[in-house]
Amino acid sequence: MEVVLEKPESMNLLGLILKMIIERNLKQGMMADLVANTRGNLRLGAGQMKATLKFEGERVVVARDWLIPARAKVAASLDTFLAIGLGKNPVIPFLLGKISLGGNLLWLLKLMPVFQVK
């Protein structure tokens with residue numbers, strides 16, 4: 001299982017942080033199995049930074065491109081994104097309109113542990 005940056009020379013901070021968190025979480029057997037059985041793209045936006053995660057089975061590609069068709073998308077301020085990544089409940093920010101969601105939300109919920117810092 002590998003996490004790679006598409007065009008690392010131009011990757012933004014969001015993409016670098018996501019790569020680091022996902023690599024760390026994939027060391028857990030259950031998390032690696034979850035990602036290995038996942039296909040599709042997830043668009044993430046934190047403030048002005050955008051990234052797309054391409055789940056390709058044994059590989060996750062972090063791209064800076066936000067225009068790639070995706071199964072789901074999440075956009076929030078950087079503060080909100082970081083709080084959720086650190087384990088804060090995402091329901092309250094969503095109800096307050098601080099998070100924009102789209103696409104297949106069940107797929108997104110299944111993947112949420114992959115992005116959280118443990």
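If you're wondering where the values come from, they're calculated on a predicted model, not measured in any experiment. Any value given below was found using the heavy atoms of this structure, including those in side chains, with hydrogens, waters and symmetry copies removed.
- Across I99 and L101, no two heavy atoms sit closer than the pair CG2-CD2, 3.6 Å.
- Closest heavy-atom contact between A46 and L78: CB-CD1, 3.8 Å.
- Side chains of V61 and E56 form a contact here, defined as non-hydrogen atoms less than 4.5 Å apart.
- Looking at every heavy atom in both residues, G57 comes nearest to M1 through O-CE, 3.6 Å.
- Between the side chain of R64 and the main chain of A51, no donor-acceptor pair closer than 3.5 Å is present.
- Open room surrounds CZ on F94; 12 or fewer heavy atoms of other groups in view lie less than 6.0 Å from it.
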Report task. In sequence, state the C-alpha distance, the side-chain angles, and the governing distance for D33 and V35, and then conclude on side-chain contact (heavy atoms from CB on, under 4.5 Å). Result -> CA-CA 6 Å; D33 290 342; V35 171; over 6 Å; no

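- Contact annotation: the side chain of M112 approaches that of P90 to within less than 4.5 Å [non-hydrogen atoms, C-beta and beyond].
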Query raised in the report: Does the side-chain contact (heavy atoms from CB on, under 4.5 Å) test come out yes or no for L86 and Q116, once each step is laid out?
Result: CA-CA 6 Å; L86 293 171; Q116 291 185 318; over 6 Å; no

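- Of all non-hydrogen atoms in K54 and A63, the two that sit nearest each other are CE-CB, 4.0 Å.
- When all heavy atoms are compared, the tightest approach of V117 to R24 is CG1-NH1, 3.8 Å.
- Summarising the hydrophobic clusters (Ile, Leu, Val, Met, Phe, Trp, Tyr; side-chain heavy atoms under 4.5 Å, direct or chained), the residues clustered with L96 are I92.
- In terms of modelled atom types and a separation under 3.5 Å, the side chain of N12 and the main chain of K50 share a donor-acceptor contact.
- The backbone N or O of R39 lies less than 3.5 Å from a partner atom in the side chain of R71, making a donor-acceptor pair.
- Under a hydrophobic-cluster definition in which Ile, Leu, Val, Met, Phe, Trp and Tyr are linked whenever side-chain heavy atoms come within less than 4.5 Å, directly or via other members, L13 and W66 are assigned to different clusters.
- Looking only at side-chain heavy atoms (C-beta outward), L42 and L44 come within less than 4.5 Å of each other.
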Report task. With side-chain contact (heavy atoms from CB on, under 4.5 Å) as the test, would you mind laying out the steps for L53 and I22 before giving the verdict? Result -> CA-CA 10 Å; L53 299 176; I22 295 168; 3.9 Å; yes

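- Residues L5 and V114 share a single hydrophobic cluster, defined by chaining ILVMFWY side chains whose heavy atoms lie under 4.5 Å apart.
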Can you list, pair by pair, the side-chain donor-acceptor contacts under 3.5 Å of residues 102-110, counting residues two or more places apart and other chains?
unit_1	atom_1	unit_2	atom_2	d
N104	OD1	L106	N	3.2
N104	OD1	W107	N	3.0

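- Counting heavy atoms from C-beta on, the side chains of V62 and T52 never come closer than 4.5 Å.
- Contact record, M49 with L14: SD-N, 3.5 Å, taken as the closest heavy-atom pair.
- Under the 4.5 Å side-chain heavy-atom criterion for grouping Ile, Leu, Val, Met, Phe, Trp and Tyr, V91 is connected to L82 within one hydrophobic cluster.
- Legend: residues meeting side-chain contact (heavy atoms from CB on, under 4.5 Å) with S77, ordered by chain and number and at least two apart, are D79, T80.
- Side chain of N41 to main chain of I68: no donor-acceptor pair is present (N/O by atom type, distance under 3.5 Å, no hydrogens or angles).
- Atom-to-atom distance recorded for N25:CG and L34:CG is 10.5 Å, nearest 0.5 angstrom.
- Under a hydrophobic-cluster definition in which Ile, Leu, Val, Met, Phe, Trp and Tyr are linked whenever side-chain heavy atoms come within less than 4.5 Å, directly or via other members, L18 and M20 are assigned to different clusters.
- Residue Q48 qualifies as open at atom CD: its count of foreign heavy atoms under 6.0 Å is 12 or below.
- One hydrophobic cluster holds both L95 and F81 under the rule that ILVMFWY side chains link at heavy-atom gaps under 4.5 Å.
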